[in-house]
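Every chain is numbered from 1 and lettered A, B, ... according to where its sequence line falls, protein lines coming before strand lines. Keep in mind the model is a prediction, meaning the values are calculated, not measured. As a basis for the values below, the full set of heavy atoms in this structure was taken, side chains included, without hydrogen atoms, waters or symmetry mates.
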Amino acid sequence: MRKLKAALLSFAHVHANSYARVLKELENVDFVAIWDDNEARGKKAEEQYKVRYYRSLEDLFKLNRDLDFVVIASENAKHYELVKYSLENDVHVLVEKPFTTRLDHADELIRLSRNKGRYVGICFVMRYHSAVLQAKGMVDRGEIGELVSITTTNHGTCPYKVAHWFVEPELSYGARIPLKPGDRRFRGGSVTDHTVHCADLLRWITGSEAYEVFAEVGENIRGDLEVEDNALILIKFRNGVQASIDCSWSRPEGVYPTWGDVNLYLLGTGGVVELESFNQQISLASWTRGKLEYIYWGPDVDFVMVRDFTEAITSDREPRATAFDGRQASEIMLAAYESISTGKPVRLPLT
Amino acid sequence: MVAHVLRFFPEYARAKYLVEVGAIGEPRIARAYRYSSFPAWSVKGWYGEHRLSGGVLVDLAIHDYDFLRWVFMDEVDRVCALAPPPEKKVIKEITAVDHGIVLIKFRKGGIAYVMASWSYPQGYPFSTYLEIVGTKGILHVDNKSTAPLGVAKPNSYERQQVYPEDPYYLEILHFAEHVVKGVPLRVTAEDAYKALEIALAALKSALEGGAPVNLPLKEEVIP
């Protein structure tokens, strides 16, 4: 079997090291190149993974003509340029969420991907979690009747102490857009980071699209941020399902025993499914580590996701989460911002 | 005194105390769930009658509205709620709203999410969950995972929360102490009014398909 040649573009995102590990682990992948616009970070990765680092993206593609795919784990604002450049160089692309923060960018990339005959996959890792798959299977088989209402949360710590760009509007959102009139904060915080996983799961499980979104943001938990760190979102789907997302960075980093959660509580006419995806953990307390920690032992979703992407390439099919899925989740995120700004429910599709 | 008994439940009273002493800083965002199967034991099923109970957004979630208002020490500015329309209801036979999700915005910038339901399958235990996040930390009150007693019988298993003193007893005792000794009421008439106002705003919002409703309310909601 021919191995697929892969490159990882940017270690800016906190998930990059996990993707690098997976690229090394996968037997059908040859991890040949790393690019990063932060040279120190790139060189460190080169040493850690024993994979050649390129300072110039142009050189990376020029010197690796037989590259099959790239994984992009850059700052959100750089997704558009990096995906575009990669597609123009005829490789398949697996890109971190959110896909883009502008719908015209997403549409352009979807067109480019079609014209080039190259797949774009989105890192909606939750679609690869075994408990999520089991829940979706139960819903699909009608085991809880017809879906009625879904409460979801994607809580987290704020990643800014590990990767500060998460709270810099230019890098996390690609622009400085005031959150709402009279508010000193800008778009680009927890709504950008944490709406899309739940939004994607809601679309995937309901098999429907959002048509109205309402959102509230509170005063920040962390007073020193330029972006929002909490929000609550209500969504009405076309098929009548009502849903909510809590996308808040509401877990205190450095103190909380785990990073956060992805929980879905699905109410159907014939039953209920309660999904607490990251409950599979061991409680560990030790004098050396200084606090109580939850050590995760659940499914290696990053591994399964990247492997599925390689299988999509070799069997010439769409990945499980497509560029269109990425676009639709971003649209819900953008509608939430619009609602926060206007104080009113927002109808989709956005124009 | 209106019987907002949640204020007498030890875990909720302790959470209020922790917020009051600054354990989590200024409260910013909270979540509260209150859910069970339909209370089939209600006399002639009056819970199921919209005009008698107001449904979950009034009868059930009012505990959490009152508690959140008590914890945030703030008044509500805006409420937005969704509830399944009649044709999507889980319990078709009743007229009351049987499931609802609510966003609450307080005046000083706190926000909260409330989920209330009678739509869980028969046999599902009455369950509650609360988390409050502040500028200095977070607290969780999870009645499922903290219940000290597990009871298993053929084909059934449940965790039971057991209280050192019955919260309903504490509530009546408190009222008696108010009457006899003049101890200040823990729940004033104004508190009860405000909680009801949030409840009616949530119901109004849900009946209007999720339109945000500003407080104070200017009109009656249940005709």
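Nearest heavy-atom pair, A:A231 versus B:I111, reported as atom, atom and distance to 0.1 Å: CA-CD1, 4.1 Å. Of all non-hydrogen atoms in B:R31 and A:T152, the two that sit nearest each other are NH2-O, 4.1 Å. When every heavy atom of A:I233 is checked against every heavy atom of B:L103, the shortest pair comes out as N-CD1, 4.2 Å. Counting all heavy atoms, side chain and backbone alike, A:S149 lies closest to B:H99 at OG-NE2, 3.0 Å. Closest non-hydrogen pair, B:I29 versus A:S250, comes out as CG2-CB, 4.5 Å. Of all heavy-atom pairs spanning B:Y113 and A:L232, the tightest one is N-CD1, 3.7 Å.
Contacts of A:S248 with chain B are made by side-chain atoms alone, with heavy-atom separations under 4.5 Å and no backbone atom involved. Residue contact with chain A, scored on non-hydrogen atoms closer than 4.5 Å, is absent for B:K136. In this structure, chain B has a heavy atom under 4.5 Å from the side chain of A:E274, while its backbone stays farther away. When heavy atoms are compared at a cutoff of 4.5 Å, B:F106 does not approach chain A at all. Heavy-atom distances place no part of A:D183 under 4.5 Å from chain B, backbone and side chain included. Within the 4.5 angstrom heavy-atom criterion, no atom of B:E87 approaches chain A.
Remark: aromatic rings of B:Y33 and A:Y265 are close, center separation under 6.0 Å. For A:Y256 and B:H140, the ring centers sit closer than 6.0 Å to each other.
Counted within 6.0 Å of CZ on B:R14, heavy atoms from surrounding residues, nucleotides or ligands total 12 or fewer; the atom is thus considered open. Atom NZ of B:K153 sits in a sparse spot, with 12 or fewer heavy atoms from other residues, nucleotides or ligands closer than 6.0 Å.
By the 4.5 Å heavy-atom criterion applied to side chains, A:V148 and B:S119 are not counted as neighbours. Contact of the B:V133 side chain with the A:N230 side chain is not registered, since no non-hydrogen atoms from C-beta on lie closer than 4.5 Å.
Looking at A:Q242, its side chain does come within 3.5 Å of a backbone N or O of B:A83 through a donor-acceptor pair. A donor-acceptor contact shorter than 3.5 Å is absent between the side chain of B:K88 and the backbone of A:T269. No donor-acceptor pair under 3.5 Å is formed between the side chain of A:R251 and the backbone N or O of B:I138.
Annotation: maximal heavy-atom pairing with chain B below 4.5 Å, among A:K344, A:E212, A:K236, occurs at A:K236.
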Could you please spell out the steps behind the salt bridge (charged side-chain N to carboxylate O under 4.0 Å, His left out) verdict for A:E219 and B:K105? CA-CA 10 Å; A:E219 286 297 311; B:K105 178 169 167 275; over 6 Å; no

